[in-house]
Protein chains: 2
Amino acid sequence: MQDKIGKREATTLARRKHIVESAAICFIEQGFHQTSVRDIAKRAKISLGNLYNHFENKTALIAEIAALEADSLISVTKVLTGNAPHKKKLEQFIKAHFAATSTPANAILAAEILAESMRSPLIAEGYIRNRQSLITALIPVVEMLFPDAEPELQAELILDTIEGAGNRVAFAKAKKKKATRDALIDWITAKISDA
Amino acid sequence: MQDKIGKREATTLARRKHIVESAAICFIEQGFHQTSVRDIAKRAKISLGNLYNHFENKTALIAEIAALEADSLISVTKVLTGNAPHKKKLEQFIKAHFAATSTPANAILAAEILAESMRSPLIAEGYIRNRQSLITALIPVVEMLFPDAEPELQAELILDTIEGAGNRVAFAKAKKKKATRDALIDWITAKISDA
DNA sequence: TATTTGAGTGAACGTTCGTTCATTGATATA
DNA sequence: TATATCAATGAACGAACGTTCACTCAAATA
């Protein structure tokens, strides 16, 4: 029982997680640079000083949020690894990733992270790594379905379309969202040589 | 000669334009909210107080920059109105819009504006209007080339792909940029029924 | 049980922020 | 020429910023 977590350590971990979640809410509502450290502390219901016991500075908090995106990506890539027909897998991937990117909270955070990536190498690194993991998971399927295209370029264009469309309709009505999703699936899968 | 511009009025107009340009440079280098009004005044080589003679506040300056994008879009849509074959026109549009969106300065500003749009209705309004003008210009051509698809949805997906790909490769090497552009043209035009 | 550790607090620090304002001087108007 | 207008200045304002600090107290360790 070497790795038994003590009461102290457990609450510290939970507190840390709680701070990250509170920060994410603030960032979604106000943006990175319009959110003050006091805002985050207030939302997490802890003192200002205590926040600095858990995070070195505000930048570290932003980086942690940006890295969090990676976790949600893993579940999306899972649909690509099964034994189902490739076309079916791609279709499910489009649905899953479109659903994720068209969620307002995700769209807002993604826009915030993208803008931040443009100036901060630390954030950009995480952003690129996340995207590459999607590309890598997508390539084998794309290779089968679009034998005439260069697989990586093709996979990236597919991602561009899904993410672009998702973010664009994040605030649209459910009806338009659904129509866009269906058109998106058609647009991508229509070019597949054969099932 | 009713509308003759006096020396006073002319220099005022020029000064105003100069401030906007200086602000744009600051925003590209640092982002909207990391740029202080003092930064802008310093870059424009005018006094802090004088800036407030030309702009009501910092927000007005941000809104003006966001609205500026519209001007550069007009030239892009021009290639869609000629007498050339529709497929050729679409191809030129892709080239022009991709070239624009893959320019780093544009990509940075676009990311900044998108993030700002998520929270500011004023900025969002301009963003949506700009996009709609592109869609409107694109629809007639799309209607001809993709008779089976719903024209507006189709036009939006095409824009998503171009802009997504453009912004993504904004900081990539020229070689990859060109490869992406060519793959982009293939990807979109391959589905055209006939020339 | 005595000692050490670190989570938790909020006041305080120095800096920077957006904005205002009294004042100056050049240009337009009469 | 006398007067009104307005671009231009930079000091000053109060508020908010990120961060530090001395301190308290509960939990872990010996």
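Values in this document were obtained by computation on a predicted structure and should not be read as measured data. Every chain is numbered from 1 and lettered A, B, ... according to where its sequence line falls, protein lines coming before strand lines.
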Return a table of donor-acceptor pairs under 3.5 angstrom between the side chains of residues 18-32 of chain B and protein atoms on other chains or two or more places apart.
unit_1: S22(B); atom_1: OG; unit_2: H18(B); atom_2: O; d: 2.8
unit_1: E29(B); atom_1: OE1; unit_2: R43(B); atom_2: NH1; d: 3.0

Open item on the list: With no hydrogens and no angle check, just 3.5 Å: does a side-chain donor-acceptor pair link D39(B) and S36(B)?
Closed with: yes
Task: Pairing of E163(B) and R168(A) as salt bridge, 4.0 angstrom limit - done: no
Open item on the list: Please give me the minimum heavy-atom distance between L159(B) and L134(B), naming the atom from each residue.
Closed with: CD1-CB, 3.7 Å
Set out, line by line, the N/O atom pairs under 3.5 Å between protein and nucleotides 24-27 of chain C.
unit_1: dT27(C); atom_1: O2; unit_2: R8(B); atom_2: NH1; d: 3.1

Open item on the list: As a test of understanding, state which of I162(B), L184(B), I188(B) forms a side chain to side chain contact (heavy atoms under 4.5 Å, CB included) with L157(A).
Closed with: L184(B)
Open item on the list: Looking at every heavy atom in both A170(A) and P104(A), which two are closest together, and how far apart are they?
Closed with: O-CG, 3.4 Å
Task: Distance, rounded to the nearest Å, where I40(B) contributes CD1 and dT19(C) contributes C1' - done: 14 Å
Open item on the list: For a quick test of reading the model, state the closest non-hydrogen atom pair linking L153(A) to E150(A) and the distance between them.
Closed with: N-OE1, 3.0 Å
Open item on the list: I need the minimum non-hydrogen distance between Q154(B) and A149(B), along with the two atoms involved.
Closed with: OE1-CB, 3.2 Å
Open item on the list: Please find the pair of heavy atoms, one from S117(A) and one from I123(A), that lie closest to each other, and give the distance.
Closed with: OG-CG2, 3.6 Å
- [ ] Kindly state each residue pair satisfying salt bridge (charged side-chain N to carboxylate O under 4.0 Å, His left out) with at least one member in residues 101-118 of chain A, sequence neighbours excluded.
- [x] E112(A)-R119(B)
Open item on the list: Looking at K177(A) and D182(A), is any side-chain nitrogen of the basic one under 4.0 Å from a carboxylate oxygen of the acidic one?
Closed with: no
Task: Members of residues 51-60 of chain A that approach DNA chain C, where some heavy atom sits under 4.0 Å away - done: N53(A), H54(A)
At a cut-off of 3.5 Å, list every protein nitrogen or oxygen paired with a nitrogen or oxygen from nucleotides 10-12 of chain C, distance to 0.1 Å.
unit_1: dA12(C); atom_1: N6; unit_2: R38(A); atom_2: NH2; d: 3.3

- [ ] Apply the test side-chain contact (heavy atoms from CB on, under 4.5 Å) to residues L61(B) and L51(B): give CA-CA distance (whole Å), side-chain angles for both, the deciding distance (0.1 Å), then the verdict.
- [x] CA-CA 10 Å; L61(B) 210 33; L51(B) 197 149; 4.1 Å; yes
Task: Range on DNA chain D touched by chain B, heavy atoms, distance below 4.0 Å - done: dT5(D) to dA12(D)
